[in-house]
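Below, each value reflects all heavy atoms present in this structure, side chains not excepted, and no hydrogens, waters or symmetry copies. Note that this is a predicted model, so its numbers are computed, not measured.
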Amino acid sequence: MDRALRILLVEDVEADAELQVRELRHACMDFEAQRVQSESAFVAGLFEFVPDIIMSDFSIPGFGGMRALEIACERTPETPFVFVSGTIGEETAVESLRRGATDYVLKTNLSRLGPVVRRAIAEVRERRARLAAEQRARALTNLYAALSESNDALARAPDRDELFRDICRIAVARGGFKYAWVGLVDGEGGMVRPVVHFGPGSGAVEHAEVPLDARQPGGRGPMATAAREGRPSVCNDILADRRFGAVHERMRVQEFRSTAALPLLLQGQPIGAIGLFASEVGYFDDERMHLLGELAGSIAFALDRFEQEALRRRAETAILEARGQLRALSTRLIEVQEDERREIARELHDEIGQALTLVKIKLQQAARLHGRDTEVLLEDCIQIADYTLKQVRDMSLDLRPPLLDDLGLHAALEWTLQRREQAAGWQTTIIADPLPGRLAPEIETACFRVAQEALTNVARHAQAKKVQVRLRIVDSELELAVHDDGRGFDPEEVRRRPAQHASLGLVSMKERAALVGGWLEISTSDRGGTEVRAAFPLRLRNRRVDDR
């Protein structure tokens, strides 16, 4: 014991008390003594002086030694009680030992007092050490059992939330903790928010919000430290720690005396922490923290497993969607090919075929006529031929504008935008960075087709008044953006349509970009307006191939 021994001396004769003190000094004992001689003073001394041993006379006017023994056994049963009396008989001494006294010393033989006190204190310390060892052994046994059960929970838990609930329940029910809770990081709010809790007095943290910022109140506590820095954090005396000053009274009522927080790691990064409370000061020693560290490692392994499983399921879903889109795209490509052939056949038959037939008839008529009538028929033939040539030229331009091959991407986009402007009545703008040269044919074609499809969608669905096309060079990519001020749409809903054999415009644009190593994304606003952004590798033409 580091401090001096505290002796509560129940004695009404001051001279006798001085003899006992002198005898203990003679025995080289370091102590401080407080003398009392009434019941009220004795009770007060038990709780204010907090003695390590009680020495009491047997006969005190108005307050006997047996009454003092009764009170001591009731209120501080662990404190040794020694009678020091000159009137106690053998039978009385035996009865006092039976009732709980540690020993007795006759005032006529005070030389025994020092050894008796030393032996009584040693027995108490030994008993307390043995009891503490037994309690620690039970606690560690419970903790090992909790870890074993937690490992079973880690193996069978179907998801993260169920695992958290099991761990908190096991920590309290099997591990001997007073309370357990899990908090996850809310990155936007900068807080650790509780998601699971278990134990009596669940209101302790049910609605708690722990700031991650160490400069804010509560931001330097174990929970915030573990969630922020990804390492275990401990407070082994809550009521003496100023960090818990605002909740000291609540912690005292809940009997929370120490706490530890273990980080929850996902792929090595902290996403939250699990907090544990114990009813003992100094509970979280090195051995317990080592075991709890193993638990935290197992939880991290399980969280990684859940994440990998979630990624696998998302990948499977994406593959199924892609397969559905691919099947729908293949079907749609065949349909589009047939529609295009049917449209070309109709145009050739209805427009060009009829025009040429009419030219043939008029030429036959002209062959049989002479004079002014012949000139009129020839003029009609010329007009019909002009109209037919225009039809053929428009069909050719719709299939692939020569500007794309002759003058490049910028010129083809500008020409297409002008045609759309005249047809739809838009206000159009094109903004383009200077290109370092002619791009590879596949890049120009892919970029042009994406822009063409985007403009077609604007014309069909957007009800827009203004359309802007931008071409920018960003790092080593060519970025295309088509923006309109129309009514917008839900991209996710449209994305799912190909699996239902509906419109494939968005899918085909993404496929075109992906085929040349690019990407495409679409954004829309609740207030209206849509933007299609695509990026393509900035690959230039191979001059040797072009020259050939």
Side-chain angles (χ1 to χ4, degrees), residues 132 135-136 138-140 142-144 146-147 150 164-186 191-214 216-265 270-300:
Q135 291 176 341
R136 178 176 177 77
R138 285 196 298 270
L140 288 175
N142 290 337
L143 186 54
Y144 275 112
L147 292 176
S150 297
F164 290 159
R165 283 190 288 270
D166 284 345
I167 294 296
C168 288
R169 175 187 56 79
I170 293 168
V172 175
R174 295 286 288 159
F177 295 100
K178 291 285 291 184
Y179 192 84
W181 70 291
V182 169
L184 295 181
V185 171
D186 176 3
M191 293 285 181
V192 180
R193 304 187 190 278
V195 294
V196 174
H197 51 86
F198 192 89
S202 60
V205 297
E206 185 176 2
H207 302 294
E209 291 187 342
V210 180
L212 282 172
D213 190 343
Q216 297 185 24
R220 292 187 297 113
M223 200 70 176
T225 301
R228 181 179 60 250
E229 301 179 12
R231 62 177 179 84
S233 183
V234 175
C235 172
N236 264 323
D237 193 348
I238 291 176
L239 300 185
D241 195 320
R242 289 184 297 176
R243 294 176 297 175
F244 292 88
V247 293
H248 272 172
E249 182 59 25
R250 188 190 308 168
M251 298 291 103
R252 185 188 63 78
V253 172
Q254 299 288 347
E255 298 182 359
F256 296 163
R257 296 296 181 265
S258 55
T259 182
L262 309 172
L264 297 173
L265 303 179
I271 62 169
I274 176 170
L276 301 169
F277 288 89
S279 58
E280 303 172 27
V281 172
Y283 180 86
F284 295 97
D285 56 20
D286 290 343
E287 185 174 6
R288 289 188 174 102
M289 289 305 298
H290 176 73
L291 295 175
L292 292 174
E294 291 183 358
L295 173 62
S298 298
I299 294 175

Between the main-chain N or O of [Y] and the side-chain N or O of [X], is there a donor-acceptor pair closer than 3.5 Å?
{"X": "T259", "Y": "L276", "answer": "yes"}
{"X": "H197", "Y": "C168", "answer": "no"}
{"X": "R231", "Y": "A226", "answer": "no"}

Give the minimum heavy-atom separation between [X] and [Y], together with the two atoms involved.
{"X": "S279", "Y": "R257", "value": "O-CG, 3.2 Å"}
{"X": "G183", "Y": "L264", "value": "O-CD1, 4.4 Å"}
{"X": "V192", "Y": "A227", "value": "CG2-CB, 3.7 Å"}
{"X": "G272", "Y": "V185", "value": "N-CG2, 3.9 Å"}
{"X": "R193", "Y": "D186", "value": "NE-OD2, 2.8 Å"}
{"X": "M251", "Y": "L239", "value": "CB-CD2, 4.2 Å"}

Just wondering, do S258 and C235 contact through their side chains at under 4.5 Å, heavy atoms?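 Result no, sub-4.5 Å side-chain heavy-atom pair not found.
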Close side-chain approach of F277 to I238, heavy-atom, < 4.5 Å: yes
With sequence neighbours excluded, residues passing side chain to side chain contact (heavy atoms under 4.5 Å, CB included) with [X]:
{"X": "E280", "answer": "Y283"}
{"X": "P270", "answer": "L265"}
{"X": "V234", "answer": "N236, A260, F284, M289"}

Less than 6.0 angstrom separating the ring centers of Y179 and F198, yes or no? no
Pick one: which of I299, I274, I167 meets side-chain contact (heavy atoms from CB on, under 4.5 Å) with L262?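 It is I274; the other options fail the test.
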According to salt bridge (charged side-chain N to carboxylate O under 4.0 Å, His left out), who are the partners of D285, at least two apart in sequence or on a separate chain?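 D285 satisfies salt bridge (charged side-chain N to carboxylate O under 4.0 Å, His left out) with R136, R288 only.
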Does R165 have any salt bridge (charged side-chain N to carboxylate O under 4.0 Å, His left out) partners at least two apart in sequence or in another chain, and if so, which? E162
Hey, could you give me the CD/NZ distance between E255 and K178, rounded to the nearest 0.5 Å? 4.5 Å
Less than 3.5 Å apart, which donor and acceptor atoms pair up between the side chains of residues 217-224 and the rest of the protein, not counting sequence neighbours?
none

